[in-house]
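Right, one structure below, let's go through it.
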Amino acid sequence: MVNLPDEVGDPTKGMTSIVKTIVRFVLGIVIMFGAYIVLYGHLTPGGGFAGGVILACGYITLTLAFGRELALRKMGDTAASILDNSGALAFLVIGFLGFTGGYFFLNFIDHGQTFRLFSAGIIPLCNIAIAFKVTSSLFAIFMALSIFGRFMSRLVEEEE
Amino acid sequence: MELLLLIILIFMIVGSIIAIETKNLLSAVISVGVVGFCLSIAFLILGAPDIAITQVVVEILILVILIRATITTDNTAIERHWDTFSFISSLIFFGLFLVFAWLAVQELPRFGEPLLRVSSDYLETGPEKSGATNIVTGILLDFRAYDTIGEATVLFTSIVGAFVILRRRGRKHRKDMDREKVGILQDEDIKKDFRGF
């Protein structure tokens with residue numbers, strides 16, 4: 001069961017308490033499954049993109065059930081864009097590190113034993129970088145389509 | 001197995017026709033979702049679990065975004081009027097399309113016998129060369145990593161574009177003179193534009 005702060009129990013925000021309780025139970029499982037899909041992407045079906053979309057779906061569930069204020073507190077648009085850019089940069093840096101052995105995107109780490117979690121060289125690292133990028137960018141798109149212009153303007157005024 | 005695939009394909013075509021023809025926007029979005037889930041089942045039947053997982057998850061995300069972000073606007077009913085000329089001309093062009101599609105399909109290589117030999121080479125040597133037992137990920141992130149970085153660039157560019165277009169106001173504080181000059185909306189205008197959330 002996911003621990004969420006008490007003020008999110010405010011019945012005026014988000015959906016009914018049935019939905020909120022079920023989301024509390026399900027959200028941890030969703031995020032764990034997304035992390036599993038990402039980390040085992042080189043062994044079982046899945047990978048960075050699919051796992052990243054599952055993680056973004058977890059955040060969107062949180063937004064739909066508990067209202068947008070809590071979701072923006074968990075990951076605001078600044079944090080989302082920073083995560084997005086750092087994921088893309090990490091992917092590019094892994095590619096450029098291949099020049100240490102010869103060419104772009106060379107698999108320069110030892111392959112290790114197949115069917116182990118720590119194997120396949122740079123592929124799990126690339127999966128993790130892509131997952132960060134996809135999670136933050138898809139959640140940012142959801143926020144941009146449903147929140148910007150209605151809620152962000154209020155936030156900007158609070159900062160001012 | 002091919003019979004099951006045919007049934008699913010026909011169901012998908014019917015769903016997409018309903019999605020185009022229905023007048024209610026919510027029904028159209030649900031029909032698009034039906035088509036997407038059938039597509040993921042088709043991928044499963046064809047033996048591609050990677051693509052099936054991605055298709056299911058992306059379909060859920062797109063449905064949520066479409067229902068949450070698109071349906072809230074007012075234009076849920078679409079007016080149509082019957083036009084004989086456009087109906088007849090579209091029938092004629094659809095017949096021409098069927099004829100040429102039939103001619104083109106005759107020339108395609110048979111199902112399961114691709115022309116390019118590089119895929120079978122990937123299948124044989126993929127696990128030992130890349131070290132990944134999931135060959136799809138091995139091809140995506142090792143043999144064809146250039147394609148993956150292109151895909152990441154496309155995603156990045158589209159999200160930056162969406163942020164720039166959808167953000168109604170810059171982050172920095174601006175004076176009212178500047179707001180009037182550039183035409184940035186005030187809070188009252190925003191409230192007029194969006195009734196509720």
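Excluded from the calculations below are hydrogen atoms, water molecules and symmetry mates; all remaining heavy atoms, backbone and side chain alike, are included. All chains are named by letter (A, B, ...) in the order of the sequence lines, taking the proteins before the strands, and each is independently numbered beginning at 1.
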I need the residue from Ser158(B), Gly138(B), Ala48(B), Ala145(B) with the largest number of non-hydrogen atom pairs under 4.5 Å to chain A. Ala145(B)

Which heavy atom of Lys133(A) sits nearest a heavy atom of Ala152(B), and at what distance? CE-O, 3.4 Å

Can you tell me which portion of Leu43(A) sits under 4.5 Å from chain B's heavy atoms? Options are side chain, backbone, both or neither. both

Out of curiosity, does Met32(A) fall in the hydrophobic cluster containing Tyr59(A) (side-chain heavy atoms, cut-off under 4.5 Å, transitive links)? no

Nearest 0.5 Å, what's the CD1-CD1 distance between Ile94(A) and Ile122(A)? 6.5 Å

As an exercise, state the distance from CD of Gln55(B) to CD1 of Ile62(B), rounded to the nearest 0.5 Å. 8.0 Å

Test your reading of the model: is there a side-chain donor-acceptor pair from Ser40(B) to the backbone of Val56(B), 3.5 Å cut-off? no

Going by residue number, which parts of residues 9-19 of chain B are within reach of chain A, meaning a heavy-atom gap below 4.5 Å? none

About how many Å separate CG of Leu5(B) and CG of Leu44(B), when rounded to the nearest 0.5 Å? 11.5 Å

Interchain contact, Val57(B) with chain A, by part (heavy-atom threshold 4.5 Å): both

Is it possible for you to say whether Val38(A) and Ile29(A) belong to one hydrophobic cluster, with membership spreading through side-chain heavy-atom contacts below 4.5 Å? no

Drop me the distance from Ile60(B)'s CD1 to Cys57(A)'s SG, to the nearest 0.5 angstrom. 6.0 Å

Counting heavy-atom pairs closer than 4.5 Å to chain B, which one of Gly48(A), Cys126(A), Gly47(A), Gly41(A) comes out on top? Gly41(A)

Residue, of Ile149(B), Ile53(B), Ile135(B), that accumulates the most heavy atom pairs under 4.5 Å with chain A: Ile149(B)

Please look at Ser137(A) and chain B and tell me whether the side chain, the backbone, both or neither of the residue comes under 4.5 angstrom of a heavy atom of that chain. both

Heavy-atom contact with chain B under 4.5 Å, split by part of Ile130(A): side chain

Could you state whether Ile18(A) and Val26(A) fall into the same hydrophobic cluster, counting links through intermediate Ile, Leu, Val, Met, Phe, Trp or Tyr residues with side-chain heavy atoms under 4.5 angstrom apart? yes

Main-chain N/O of Asp84(A) paired with Ser136(A) side-chain donor or acceptor, under 3.5 Å: yes

Is it the side chain or the backbone of Thr148(B) that comes within 4.5 Å of chain A heavy atoms, both, or neither? both

